Amino acid sequence: MSTLFFQRVKHIIKRIPKGRVATYGQIAELAGNHRAARQVAWILHSSSEKERLPWHRVVNSQGEISLKPKQGYEVQKALLKKESIEFDQDGRLDLNQYLWKPSVAKWYTEL
DNA sequence: AACCTGACTTCGG
DNA sequence: TCCGAAGCCAGGT
């Protein structure tokens, strides 16, 4: 599918800086639909490879990796560690430290 | 059309 | 802090 919402989501994800992360809900909100967190996940699942998206920089609202072990969890964690992001013993990262805080105004004007 | 299934989130207890 | 339930929305059957 290729709605404006989908385009915005991809556009936004591509802009997450190295060493920072964004949450599903945050991306949904930036794209104009605060209730579409699950759709953001769906977009990642379906087209992160095709669109060359930095999918590993997207985590859930608790600062955890949502992927299941052997389903990509280890890969994502490794990619984030490579960007100097650290995890605690429970596999969580500190959102206060790593959460991306973009200046919101521009997204609507760029697309 | 109905029903199920998610790489989700928020709220209450 | 840790579940469970409910809300959400698109795709697959």
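Naming: A, B, ... by sequence-line order, numbering from 1 per chain. All figures in this text were calculated on a predicted structure; none of them were measured in a lab.
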Would A:E51 and A:K10 pass as an ion pair if we require N to O under 4.0 Å?
-> yes
Would you call A:E29 and A:R35 a salt bridge, taking side-chain N to carboxylate O under 4.0 Å as the test?
-> no
For B:dC8, does OP1 or OP2 lie under 4.0 Å from any side-chain N or O of A:S61?
-> no
Taking atom types as they are modelled, is there a donor-acceptor pair under 3.5 Å from the base of B:dA7 to the side chain of A:Y73?
-> no
In whole angstrom, give the distance that lies between atom [atom1] of [X] and atom [atom2] of [N].
{"X": "A:Q71", "N": "B:dA7", "atom1": "CD", "atom2": "P", "value": "8 Å"}
{"X": "A:I13", "N": "B:dC8", "atom1": "CD1", "atom2": "C1'", "value": "13 Å"}
{"X": "A:L53", "N": "B:dA7", "atom1": "CG", "atom2": "P", "value": "16 Å"}
{"X": "A:I43", "N": "C:dC8", "atom1": "CD1", "atom2": "C1'", "value": "14 Å"}
{"X": "A:R35", "N": "C:dC9", "atom1": "CZ", "atom2": "C1'", "value": "10 Å"}

Under 4.0 Å between any heavy atoms, over every strand shown, what does A:T23 touch: base, sugar-phosphate, or nothing? Just pick one.
-> sugar-phosphate
Any donor-acceptor pair under 3.5 Å linking the side chain of A:Q76 with the backbone of A:V59?
-> no
Sidechain-backbone polar pair: A:E64 side chain, A:N60 backbone, donor-acceptor under 3.5 Å | no
Kindly point out which of [options] is positioned nearest to the side chain of [X]?
{"X": "A:R38", "options": "C:dC9, B:dA7, B:dC8", "answer": "B:dC8"}
{"X": "A:L44", "options": "C:dG11, B:dC8, B:dA7", "answer": "B:dA7"}
{"X": "A:Q39", "options": "C:dA10, B:dA7, B:dC8", "answer": "C:dA10"}

